[in-house]
Amino acid sequence: MKRKKWFQALPLMCSILFLAGYAQNTGSPVMIQNVLVQPSPVCPKVILQTDGELTITNAAYSLTLPRTLVLDLGKASIPSDLAVSTEGEPLFEEIKFVPNGEGLLRLFLSLKEQAFFRLSTEEGQAVLELNKILDPQTADVFDPSFRQQLSQRKIVTSNLGAVNVVRDHGNVRVQAAVENRTPCHVFALSNPLRLVVDLFDTVFNRPTSSFSVGEAGVSKFKVGQFQNQNPYTITRMVFDIDEPGGYRLDFGEHLLSLSFFGSEENFQPASVSTPAPEPAPKARTKTEPEPAAEPPAQEPAEEKPKAEPRTETQPAVKPAETPYRAQVLGGEETPFSGEVLSVKVKDQDLRDIILYLGEFAGLNVIFDPDVRGRVTCNFEYVPWDQILDAILRTNKMGKVLEGNVLRIAPIAVLTRETEDENKMRESRELSGPLITKTFTLSYSKARDAERLLQQKKSGRGKIDVDERTNTLIVTEVRNRMELLEKLINLMDTPTPQVSIEARIVEATSNFIRNLGFQWGFMGQADAYYGNQTNLEFPNKIGLNGALIPQGQVTRGLGGPLGGYAINLPAPTFTSALGLSLANVLDTFRLDATLSAMETSGQGRIISCPKVTAQNNREAEIIQGRQIPIQTMTNFTVTTRYVNAALELRATPQITAEGTIIMNIDIQNNAADFSNQVNGIPSITRQSASTTVMIPDGGTTVIGGIYRTEDTTTLERVPLLHKIPLLGNLFKSSARTRQNRELLIFITPRIIRQGGQP
């Protein structure tokens with residue numbers, strides 16, 4: 001894309017980034033859990049491990065600090081104890097996070113020098129990949145802007161003229177004459193280390209030419225016609241680089257100049273001003289086509305759609321395996337890392353094709369006298385070493401690569417030579433002098449080590465064990481002794497230990513409220529009291545509302561009447577209020593009693609067993625009592641003991657990533673003496689058994705139980721309890737609410753050297 005069009009697109013790109021950042025900031029923050037640095041001689045990486053998809057709203061080099069790459073992150077947060085180490089990667093000086101407004105973060109990466117960078121984000125991680133070879137201004141591999149530039153170009157085929165190499169005080173400048181300025185694409189390969197320059201709509205009307213350099217980190221380079229058919233005519237320049245270093249590409253109207261600098265003082269990269277923020281492109285993991293020369297007698301290639309150019313980078317540290325990704329469980333997978341090549345031949349001599357591949361790869365080739373055969377093949381953009389393997393396998397041939405010499409021979413010949421070499425090696429071992437060494441082991445048992453070493457010793461070797469001093473006595477030939485000594489040193493290492501702490505929290509709360517009424521009455525009309533009815537019938541009336549005596553019903557409180565008509569006291573009470581009313585002659589009496597109780601309570605029990613275990617070894621700790629239980633069988637009394645105790649059993653396994661996988665069985669049983677059968681208390685059980693993975697020093701909840709009991713009891717007189725307000729005099733209530741909560745926490749810590757976690 002031309003510079004003018006690039007600046008015209010900048011406002012739109014910024015608007016998209018702003019809207020993406022705004023959308024991210026409206027949600028919950030993404031937690032950056034860890035930062036990993038993967039060193040590499042060409043493509044180091046910084047991996048941000050997150051609990052969601054992280055949005056990067058801006059990425060550019062700082063104007064004030066040109067060697068500092070600044071990434072504006074969306075709504076994100078980091079743990080307070082997050083530590084970032086750049087050890088092992090010389091390109092990075094410092095990596096740090098700085099708050100950038102409410103809930104926002106900014107990531108600063110201080111580099112030794114500016115480098116091309118590429119961003120990719122996905123659920124769970126964001127990857128920043130830097131390239132020490134590519135210019136910081138280099139566009140991503142066939143990104144949308146470059147594709148647009150190709151689609152809008154006016155196809156005017158240009159010829160690439162003579163190529164010259166100019167050396168100047170340790171620097172190297174490669175110059176080539178061109179008729180017109182055409183789209184130019186630059187990318188790097190890491191295995192082997194190469195810089196590739198593709199010139200589109202350009203023709204190189206000469207055979208593939210190689211140039212030896214040997215300065216400024218460039219060993220050699222070659223120029224050749226890579227592609228002749230539509231949609232692109234491409235001339236490719238491939239530079240073999242000894243180590244990553246600075247370069248400068250100047251492309252004028254009639255001259256292409258590519259400079260390599262032998263020292264940092266002479267390095268002035270082109271256009272190192274701050275690049276505009278680019279949307280984070282997705283990472284690519286495919287293979288970029290390489291230049292190909294026409295093999296002898298090659299037939300014209302059929303016109304086919306060109307495969308999308310791609311780049312492959314080999315990480316220095318193997319990333320974590322993605323679940324459900326296809327994996328090779330058996331067999332051997334052969335990696336091919338050579339330059340890709342297109343070869344189409346028909347009925348050609350096998351030796352000619354192999355000579356051509358050897359020349360393309362820069363190898364010397366020698367053939368066994370029995371090598372012969374014909375080749376017919378059609379390869380499109382296939383690594384040259386894969387082409388070689390396929391051709392050899394088809395013709396029952398094999399290869400041996402020693403340095404830069406490639407030897408081709410029939411498989412039977414190579415197999416026979418391998419067998420002879422093995423026999424010679426075994427014979428040399430059997431005929432060599434025997435030596436005897438003793439190894440006193442510190443961390444392993446000599447008997448266990450001896451069983452493993454028996455499979456590695458030679459036929460003349462002998463291994464004895466002195467169990468008293470835990471010593472191995474090894475008698476072996478010299479070459480095999482070195483192997484056994486390495487194995488012994490590898491096995492006799494301290495086993496890591498894990499401190500496991502469990503915390504059992506049991507919380508209870510209860511609430512009880514009781515409320516009840518008792519009331520009775522007695523009345524009489526009698527001439528004895530002078531309050532008769534003045535009627536013939538009835539002349540006397542007696543009314544007794546205290547027919548439920550206290551002697552018969554023992555609950556509640558007694559009154560002057562000795563009984564009640566309504567006897568609904570609280571089931572249990574701590575407070576009571578009595579009322580007794582009567583007239584002067586005591587011909588009418590009313591007794592009433594209110595009883596009530598309200599209680600509440602809270603309790604917490606914390607148990608904290610702690611045990612230390614070796615890696616992959618079970619540890620156990622028990623604290624409590626044992627309950628004897630007797631059984632009788634055939635007039636024989638047998639006593640067995642049941643644990644009513646706090647028990648912790650754990651088996652830790654330390655992973656390569658520093659996390660801990662644990663098999664945990666925890667029991668918190670207690671004897672309930674309030675519920676006994678034949679004098680033996682029942683057992684209240686609380687237990688959990690599981691397998692979990694926990695970070696070193698992290699805490700997780702492996703189990704929890706929450707139980708709520710809410711009980712309401714009503715005693716009432718039928719029908720009368722429904723009278724508004726007065727109905728409360730004809731009923732009693734009791735309410736009980738109890739909550740129980742149980743949580744079990746586990747915290748493992750790896751014990752480092754010195755005995756400290």
**Request:** Over all heavy atoms of both residues, which pair between Asn616 and Thr651 is shortest? Give the atoms and the distance, please.
**Result:** C-CG2, 4.0 Å
**Message:** Test: side chain to side chain donor-acceptor pair (under 3.5 Å). Region: residues 538-547. Which pairs qualify, not counting sequence neighbours?
**Reply:** none
**Item:** Asn739 side chain near Tyr706 side chain, heavy-atom distance below 4.5 Å
**Value:** yes
**Message:** Once rounded to the nearest 0.5 Å, what's the spacing between atom CD of Glu501 and atom CD1 of Ile746?
**Reply:** 9.0 Å
**Side-chain heavy-atom pair Asn531, Phe588 within 4.5 angstrom cut-off** = no
**Item:** Contact check, side chains of Ile627 and Ile680, non-hydrogen atoms, under 4.5 Å
**Value:** yes
**Message:** Once side-chain contact (heavy atoms from CB on, under 4.5 Å) is applied, do any residues pair with Tyr443, and if so which ones, sequence neighbours excluded?
**Reply:** Asp492, Pro494
**Asked** Would you call Met693 and Ile660 a side-chain contact if the rule is heavy atoms closer than 4.5 Å?
**Response** no
**Message:** Can you confirm whether more than 12 heavy atoms, excluding those of Leu719, are under 6.0 Å from its CG atom?
**Reply:** no
**Item:** Euclidean distance, Ile622 CD1 relative to Glu647 CD, rounded to 0.5 Å
**Value:** 4.5 Å
**Prompt:** Does any pair with a residue in residues 593-604 pass side chain to side chain donor-acceptor pair (under 3.5 Å), and if so which ones, sequence neighbours excluded?
**Reply:** Arg513-Glu598, Tyr564-Thr593
**Item:** Ile654 to Pro496 - nearest heavy-atom pair and separation
**Value:** CD1-CB, 3.4 Å
**Request:** Drop me the distance from Thr508's OG1 to Glu741's CD, to the nearest 0.5 angstrom.
**Result:** 10.5 Å
**Asked** Between the main-chain N or O of Pro571 and the side-chain N or O of Asn514, is there a donor-acceptor pair closer than 3.5 Å?
**Response** no
**Request:** Compare every heavy atom of Ala670 with every heavy atom of Ala644, then report the nearest pair and how far apart it is.
**Result:** CB-C, 4.2 Å
**Test side-chain contact (heavy atoms from CB on, under 4.5 Å) applied to Arg106 - qualifying residues, sequence neighbours left out** = Val70, Asp72, Asn100, Phe108
**Message:** Once ring pair (Phe, Tyr, Trp, His ring centres under 6.0 Å) is applied, do any residues pair with Phe730, and if so which ones, sequence neighbours excluded?
**Reply:** Trp519
**Prompt:** With a 4.5 Å limit on heavy-atom distance, are the side chains of Gln532 and Asn534 in contact?
**Reply:** yes
**Any Leu128 side-chain heavy atom under 4.5 Å of Leu69 side chain** = yes
**Prompt:** Got a sec, which pairs hit side chain to side chain donor-acceptor pair (under 3.5 Å) with one end in residues 617-626, sequence neighbours left out?
**Reply:** Glu620-Arg649, Gln626-Asn643
**Request:** Using a 4.5 Å cut-off on heavy atoms from C-beta on, say whether the side chain of Thr736 contacts that of Glu709.
**Result:** no
**Message:** Rounded at 0.5 Å granularity, tell me how far CD1 in Ile95 sits from CG in Leu109.
**Reply:** 5.0 Å
**Closest non-hydrogen atom pair, Thr612 against Ala619** = O-CB, 4.0 Å
**Prompt:** Is any side-chain heavy atom of Glu53 less than 4.5 Å from a side-chain heavy atom of Thr55?
**Reply:** no
**Fill in**
The side-chain contact (heavy atoms from CB on, under 4.5 Å) partner of Val35 among Thr86, Leu107, Val84 is Val84
**Request:** Return the minimal non-hydrogen interatomic distance between Lys75 and Leu104, and the atom names on each side.
**Result:** N-CD2, 3.9 Å
**Request:** Quick one: closest heavy-atom pair of Leu568 and Glu715, and the distance?
**Result:** CD1-O, 3.7 Å
**Prompt:** Do any N or O atoms from the side chain of Thr533 and from the backbone of Pro538 form a donor-acceptor pair under 3.5 angstrom?
**Reply:** yes
**Item:** CD1/Ile705: more than 12 non-hydrogen atoms of other groups inside 6.0 Å
**Value:** no
